[in-house]
Colleague: 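Let me give you the structure first, and then I'll get to my questions.
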Amino acid sequence: MIDLIVIPLLQIVFVLTGVLIVVMYLVLLERKIQAWVQVRFGPMRVGPHGILQPVADVLKLFVKEDITPVKADKWIYTAAPIIVLVPALIAFAVIPFGSSVSLFGKKISLAIADVNVGLLYIVAVASLGVYGIILGGWSSNSKYPLLASLRASAQLVSYEVAVTLTFVSVILSAGTLSMVGIVNAQYNSGVWFLFVQPVAFVIYMIGGLAETNRSPFDLPEAESELVGGFHTEYSGMRFALFFLAEYTNMIIVSSVATTLFFGGWLPPFPNLKALAFLYYVPSWIWFTLKTFLILYLFLWIRATLPRYRYDQLMRVGWKVLIPLALANIVVTGVVKVLLGR
Amino acid sequence: MITQTHYLVLSTVLFFIGVVGVMTRRNIIIILLSIELMLNAVNINLIAFSYHLKSEIGQVFALFVICVAAAEAAVGLGIILAFYRNKETVNIDEMNLMRW
Amino acid sequence: MPAEPTAPQPMFDTDELVINMGPQHPATHGVLRVVLKLDGEKVIDADVVIGYLHRGVEKLSEHRDYNQIVMLTDRLDYCASAAANLVYCEAVEKLLSLEVPRRARYLRTVLAELQRIASHLVWVGSHAMDIGAVTVFLYALRERELVLDLFEEFCGARMTYNAMRVGGLPQDIPPGWDKRVLAFCAVMDEKIAEYETLLTHNRIWLDRTRGVGVISGREAVAIGLSGPPLRASGVRRDVRKDEPYAAYSEFEFDVPLGANGDTYDRYLVRIEEFWQSTRIIRQAIEGLPEGPVLAKVPRMIKPPAGETYHANESPKGEIGFFIVSDGTSTRPYRCRVRPPSFCNLQALPRLVRGHLVADVVAVIGTIDIVLGEVDR
Amino acid sequence: MGEQLAFYALSALILGCAVIVITAPSAVYAILFLVLDFLFVAGLYVVLHAQFVAVIQVLVYAGGIVILYLFVVMLVNLKRPPEAQRDRRRRSRLGVALSAVVLVEFAAIALYGYVAPEAGPAGGGLSFSNVERVGWLLYTDYLVPFELASMLLLVAMIGAIVLARREL
């Protein structure tokens with residue numbers, strides 16, 4: 001009874017609070033890194049070196065007035081940010097943060113649920129997030145957000161295809177859909193899938209950037225074009241939910257990248273006897289380290305690259321990424337048959 | 001105990017709701033939605049039998065049903081878009097001309 | 001009898017959507033309003049609405065004497081006020097047919113080129129930020145601070161300098177100023193190379209700027225474009241070369257030309273102008289003659305009756321002053337400005353037609369307009 | 001016990017959402033409740049140990065097809081104010097009568113046609129992982145229908161593009 005209900009509940013509570021705190025400090029980290037790149041300081045006022053800035057942001061957004069436009073569709077207008085955030089959070093259920101840890105004598109695995117359709121579950125959940133964006137734009141009942149929400153959803157749907165195809169090629173080399181299985185496959189094959197599937201990694205990262213509306217694909221809320229994108233009419237806590245969802249999505253994309261391409265919680269060269277001492281470092285530290293490495297990549301790209309135009313963005317998605325991902329699947333298949341593995 | 005007839009009753013009622021939707025609604029998009037409901041009812045049946053007879057063939061067939069539903073939805077919506085462009089309406093009563 | 005087949009109307013969903021890139025929009029460089037007629041994403045027509053920053057500079061100048069008007073010219077193009085000061089003072093000197101001492105002309109050239117660098121820095125920063133590269137904006141403004149420090153040392157102000165008088169400069173340069181200018185030029189060369197690495201060969205930057213807002217040489221001349229937008233279309237027209245003023249005839253520098261007049265060429269032309277400006281400044285500082293900085297000018301300037309038009313090459317384009325004096329009063333009868341931003345802005349609807357909304361932002365950035373000069 | 005609870009809860013939700021879908025005044029509400037309905041059906045598939053089809057249902061149906069509908073509804077309603085697309089006469093009597101006839105037919109078939117042996121308990125878990133077996137079947141016994149389905153999708157794609165393009 002305890003193993004079935006109490007421990008998963010504890011895991012869930014721990015992961016959700018952990019994610020929300022990490023998201024808050026990810027916002028601060030982004031502002032600090034972008035400031036560092038741009039030869040300035042970033043938030044310094046709240047707490048020493050701006051450490052308490054996220055707390056200030058959350059309080060501000062709590063207190064700020066929540067305006068609903070007059071002819072807006074009240075129900076959908078309130079539901080949209082929730083529809084965006086919930087899929088982003090429930091995707092954490094299948095991500096293996098580590099192998100296992102023994103607390104008060106009981107061996108607890110660090111993946112909340114090892115589902116045998118793990119990877120597909122993440123893609124399915126990600127595809128639900130699009131609804132929030134469309135409904136958010138549509139229900140605010142004004143010209144700009146509607147156009148922006150149409151563009152944002154078209155972008156998400158088309159890049160989802162590319163990302164799913166990269167997953168197919170990873171599943172081919174891993175042999176299983178479950179996330180823990182993929183990490184074990186990397187352990188058995190002794191090499192990270194980053195080196196087995198470099199092309200898939202590149203396509204996945206570009207697709208991941210576009211999926212989370214991050215630069216250079218952050219067209220939907222490009223300030224210089226349509227005013228504020230689909231969350232123009234939102235303010236206060238509802239806007240915070242949209243903001244939160246974007247960063248949560250970012251964390252998911254990077255943790256999936258860690259699991260798929262950087263060997264989840266495995267140290268750099270998993271079964272190289274000489275590096276066996278790396279196993280003393282607990283598994284979840286390796287996972288967090290690698291995830292933050294990829295998150296840093298996200299933040300770095302945002303500070304440097306300009307933005308794509310909408311049609312170029314679609315051209316890259318459909319005419320470059322998807323054919324490349326398909327070709328990668330074929331190549332992986334052929335190589336797998338030839339090697340007879 | 002959940003037996004096979006439970007699932008049959010569930011899918012029949014869902015199918016019936018779909019039929020009511022098709023028959024009574026004016027807006028062609030809602031009609032297409034009801035057709036999706038009917039297809040879903042069929043899928044529930046397939047999966048229930050697959051579980052009951054312990055063989056995956058039902059699930060494979062359910063995948064094909066989903067694939068056909070996708071094709072039908074795409075083409076159906078294409079027709080609606082083309083029609084709407086000329087007639088500015090989605091009300092099914094006004095679709096009474098063979099050529100316009 | 002079936003109804004005769006009606007032609008399918010234009011795409012039903014977003015036909016003829018009219019969007020207002022309103023007076024306060026992050027990408028319109030001030031209070032410019034562009035009314036866009038869109039078909040879906042494509043821009044069918046753009047209509048520019050100006051006048052939000054009209055202060056009546058020309059009417060005001062009819063009630064001030066000649067040396068007071070210099071203060072007004074600062075506020076025309078507030079990103080390049082030294083250029084406006086220069087062209088006004090030279091126009092009045094032409095009226096008075098006054099000979100300005102050689103040292104003053106050298107220093108005026110240095111100030112004008114420093115101003116060109118500062119104005120181009122603002123341009124590259126805001127243009128890149130509109131297209132998404134926010135970092136370039138911060139770098140550009142960091143360099144601009146160095147220029148503003150030099151100006152502050154010379155004339156006490158950071159933006160509205162009031163740095164020139166009819167007949168020369170109000171005071172000589174502080175000691176060591178020229179050394180600091182040379183140091184600045186050295187820093188500047190290294191920084192321009194930094195921008196080039198950030199933008200010039202950047203894949204996304206190329207996609208966003210190449211082939212956007214194309215205009216041919218003949219059409220550019222017809223519309224009245226001037227400055228970098230005109231030269232980017234291949235027309236060799238630079239007032240510093242064609243009608244040299246101040247001390248430009250004594251320095252050699254080349255005029256960058258573009259090939260096919262799109263946003264990328266305008267970008268390349270302006271980046272090249274950075275290099276040329278530092279080159280001119282170095283020659284001017286090395287050859288700085290000794291001597292007075294202000295010609296003998298009567299306290300109350302009363303030019304003879306007559307009118308004159310004098311043009312200079314401001315960072316934005318050809319800026320001209322048309323001054324009419326009736327010979328009796330110390331105030332000009334009429335003082336008309338030919339602002340480059342106003343003329344370049346005319347090309348906006350022509351450049352934008354057929355492009356997407358995102359390109360409107362890029363085009364506004366590339367014609368580099370300042371609303372102070374447009375509305376006067 | 002858990003399975004029984006899940007079945008009754010899920011089927012109640014499914015039928016509830018389905019009723020709302022066909023009686024919703026505005027098309028967007030109908031679509032929203034349809035998505036909810038599909039998610040509950042996916043839950044039902046998980047109860048029936050069909051994880052793969054459940055995830056595909058969420059991914060393809062709820063995450064793909066219904067988004068298509070939402071796009072079209074939003075494009076169609078763009079110009080007219082929301083109230084205009086209320087269906088005034090949605091509860092037409094003729095329609096209800098016709099569907100009653102269909103129900104009667106179903107009842108007839110159920111009574112006479114299908115005399116099932118006493119339906120044993122739907123039980124017996126499936127040992128091997130569900131995904132592998134579905135995949136195995138799909139690519140061995142049902143390869144030809146699989147290829148035909150992909151052809152069908154291709155034709156549908158081309159058809160939809162041709163129909164929806166503005167200038168042919």
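Values in this document were obtained by computation on a predicted structure and should not be read as measured data. Below, chain A is the first sequence line, B the second, and so on; all start at residue 1.
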Colleague: Let me know if D:Val35 has heavy atoms under 4.5 Å from chain A in its side chain, its backbone, both or neither.
Modeller: side chain
Colleague: What distance separates D:Met74 CE from A:Ser139 OG, expressed to the nearest 0.5 Å?
Modeller: 9.5 Å
Colleague: To the nearest 0.5 angstrom, please state how far the CG atom of D:Leu32 sits from the CH2 atom of A:Trp75.
Modeller: 13.0 Å
Colleague: Quick one: closest heavy-atom pair of A:Ser127 and D:Gly63, and the distance?
Modeller: OG-CA, 3.5 Å
Colleague: Are the side chains of A:Trp138 and D:Val73 in touch, meaning some heavy atoms are under 4.5 Å apart?
Modeller: no
Colleague: Quick one: what part of A:Thr176 sits under 4.5 Å from any heavy atom of chain D, side chain, backbone, both or neither?
Modeller: neither
Colleague: Heavy-atom distances under 4.5 Å only: say whether D:Leu70 touches chain A with side chain, backbone, both or neither.
Modeller: side chain
Colleague: If you tally heavy-atom pairs under 4.5 Å against chain A, which of D:Gly64, D:Ala42, D:Ala62 wins?
Modeller: D:Ala62
Colleague: Please report the C-alpha distance between A:Tyr121 and D:Leu59 in whole Å, then the side-chain angles of each, then the deciding distance to 0.1 Å, and finally whether the side-chain contact (heavy atoms from CB on, under 4.5 Å) criterion is met.
Modeller: CA-CA 8 Å; A:Tyr121 168 82; D:Leu59 177 62; over 6 Å; no
Colleague: At a heavy-atom separation under 4.5 Å, does A:Leu177 approach chain D through its side chain, its backbone, both, or neither?
Modeller: side chain
Colleague: Please assess D:Val55 against A:Val123 for the test side-chain contact (heavy atoms from CB on, under 4.5 Å), listing each intermediate value before the final yes or no.
Modeller: CA-CA 9 Å; D:Val55 170; A:Val123 178; over 6 Å; no
Colleague: Within the supplied structure, the quantity of interest is the number of heavy atoms (other residues, nucleotides, ligands) at a distance under 6.0 Å from D:Phe33 CZ; does it exceed 12?
Modeller: no
Colleague: Go through the atoms of D:Phe52 and report whether side chain, backbone, both or neither lie under 4.5 Å from a heavy atom of chain A.
Modeller: both
Colleague: At what distance, to the nearest 0.5 angstrom, does CD1 of D:Ile67 lie from CG of A:Leu156?
Modeller: 8.5 Å
Colleague: side-chain contact (heavy atoms from CB on, under 4.5 Å) between D:Val58 and A:Leu120: does it pass, once the steps are laid out?
Modeller: CA-CA 10 Å; D:Val58 172; A:Leu120 266 187; over 6 Å; no
Colleague: Which bit of D:Leu39 is near chain A, if near means a heavy-atom gap under 4.5 Å: side chain, backbone, both or neither?
Modeller: side chain
Colleague: Which atom names give the shortest non-hydrogen contact between A:Ala154 and D:Phe71, and what distance separates them?
Modeller: N-CZ, 3.9 Å
